[in-house]
Amino acid sequence: SHYSQTLKAPYVIYADFEAILIDTEINEEENTQKISKHVPCGYMLLCVDYNGKVFREKCFRGENDDETMQRFFIDLFAIKEAVNDKVKNSPFKDYNNMIISKEQELIHKKIKKCCLCLDKINDDDTDNYRVRHHDHMSGHFIGTAHKKCNINCKVDTKINVFFHNGNRYDTHFIIDYYSKFKLENKL
């Protein structure tokens, strides 16, 4: 039922933060001393399309951590809007613009199973008939599917963002500053 997960992500973002150490005040009463703190000083955002081509690239080095993170969120949300616009306005959403060869058309007419659910296609079923399943970003024919399966297979508008060392390091910058700036835009 989650046929959208079978589609290639239309866009993906790769990101990395750079940080510097700044000295912190030492509290003589504590046994363990925190002598410095990591703060973001720059970042790189690289958005790649479904063909592996660079769509947007942003590199920034800020004067301080607040400037760096504010600019990061501005750039990230701008990329998000540009990607959503591209996905929403793809000329290949309309099946009339599908790219399909004569051989693929012949195969489409002979196929007996849905390429999504793998169940038999019944050509007498007026409710769930055979359709051409295609990629809404590239326009290319993917396979033969049931009408209902094809309708359930929508292009995902969520954009995957992969951070270098994100699960161990970079993610805390996003969480800390997102809440600090009280941003209303959804990540």
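What you see below is based on every heavy atom in this structure, not just the backbone, and it leaves out hydrogens, waters and symmetry mates. In this chain, residues are counted from 1 in sequence order. None of these values were measured; they are calculated from a predicted model.
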Apart from Ile107 itself, members of its ILVMFWY cluster (side-chain separation under 4.5 Å) are Ile111

What one should report as the nearest heavy-atom pair of Thr68 and Gly42 is CG2-N, 3.5 Å

Which pair of heavy atoms, one from Ala145 and one from Cys114, lies closest together, and at what distance? CA-SG, 3.6 Å

So which heavy atom on Ile99 is nearest to which on Ser138, and how close? CD1-O, 3.5 Å

Asn84 side chain reached by Lys80 side chain, heavy atoms, under 4.5 Å: yes

Does Val87 form a side-chain contact (heavy atoms from CB on, under 4.5 Å) with Met137? I'd like the steps, not just the answer. CA-CA 7 Å; Val87 170; Met137 296 308 298; 4.1 Å; yes

Taking only residues two or more places apart in sequence or in another chain, which ones pass side-chain contact (heavy atoms from CB on, under 4.5 Å) with Asn96? Asp94

Could you note down all residue pairs passing salt bridge (charged side-chain N to carboxylate O under 4.0 Å, His left out) where residues 45-72 supplies at least one of them, sequence neighbours left out? Asp66-Lys180, Arg71-Asp75

Strictly distance-based, threshold 3.5 Å: is any side-chain N or O of Asn89 a donor or acceptor partner for the main-chain N or O of Asp85? yes

Approximate separation, where rounding is to 0.5 Å, of Asn160 CG and Ile13 CD1: 9.0 Å

Could you work out the complete set of other residues in the hydrophobic cluster of Val48, with links drawn between I, L, V, M, F, W and Y side chains under 4.5 Å apart? Val12, Tyr14, Leu46, Val54, Phe162

Write down the atom of Ala15, the atom of Leu45, and the distance for their closest heavy-atom approach. CB-CD2, 3.6 Å

Can you check whether Thr144 reaches Cys115 side chain to side chain, under 4.5 Å on heavy atoms? no

Can you name the residues that form a side chain to side chain donor-acceptor pair (under 3.5 Å) with Ser90, not counting sequence neighbours? none

Give the minimum heavy-atom separation between Val155 and Pro10, together with the two atoms involved. CG1-CG, 3.6 Å

Could you work out the complete set of other residues in the hydrophobic cluster of Ile74, with links drawn between I, L, V, M, F, W and Y side chains under 4.5 Å apart? none

Can you list every salt bridge (charged side-chain N to carboxylate O under 4.0 Å, His left out) pair that touches residues 124-141, not counting sequence neighbours? Glu105-Arg132, Asp123-Arg130, Asp127-Lys148

Is there a path of hydrophobic side-chain contacts, each under 4.5 Å between heavy atoms of I, L, V, M, F, W or Y residues, that connects Ile121 with Val131? no

ring-ring contact (aromatic ring centres under 6.0 Å, His included): which pairs involve residues 81-124, sequence neighbours left out? none

In Å and rounded to the nearest 0.5 Å, what is the CE to NE2 distance from Met98 to His140? 11.5 Å

Does anything in residues 17-59 pair up under ring-ring contact (aromatic ring centres under 6.0 Å, His included), and if so which pairs, sequence neighbours excluded? Tyr11-Phe55, Phe17-Phe72, Phe17-Phe163, Phe17-Phe173, His38-Tyr169, Tyr43-Phe60, Tyr43-Phe72

More than 12 foreign heavy atoms under 6.0 Å from CD1 of Ile35: is that the case here? no

Between Gln104 and Ser101 (side chain of the first, backbone of the second, donor and acceptor by atom type, cut-off under 3.5 Å), is there such a pair? yes

Rounded to the nearest 0.5 Å, what's the gap from CD1 on Ile142 to CG on Leu7? Could you check? 5.5 Å

What are the two closest non-hydrogen atoms of Phe73 and Ile174, and how far apart are they? CZ-O, 3.8 Å

Partners meeting side chain to side chain donor-acceptor pair (under 3.5 Å) with His133 (sequence neighbours left out): Asn150

Considering only residues two or more places apart or on different chains, which pairs with a residue in residues 12-24 satisfy salt bridge (charged side-chain N to carboxylate O under 4.0 Å, His left out)? none

So, taking the atom named CE in Met69 and the one named SG in Cys41, what distance separates them when rounded to the nearest 0.5 Å? 11.5 Å

Is the side chain of His146 donor-acceptor paired with the backbone N or O of Lys120 at a distance under 3.5 Å, no angle test? yes

Any chance you could pull the hydrophobic cluster mates of Leu21, using side-chain heavy atoms under 4.5 angstrom and chaining through other members? none

Can you get from Ile151 to Leu116 by hopping between Ile, Leu, Val, Met, Phe, Trp and Tyr side chains that sit under 4.5 Å apart? no

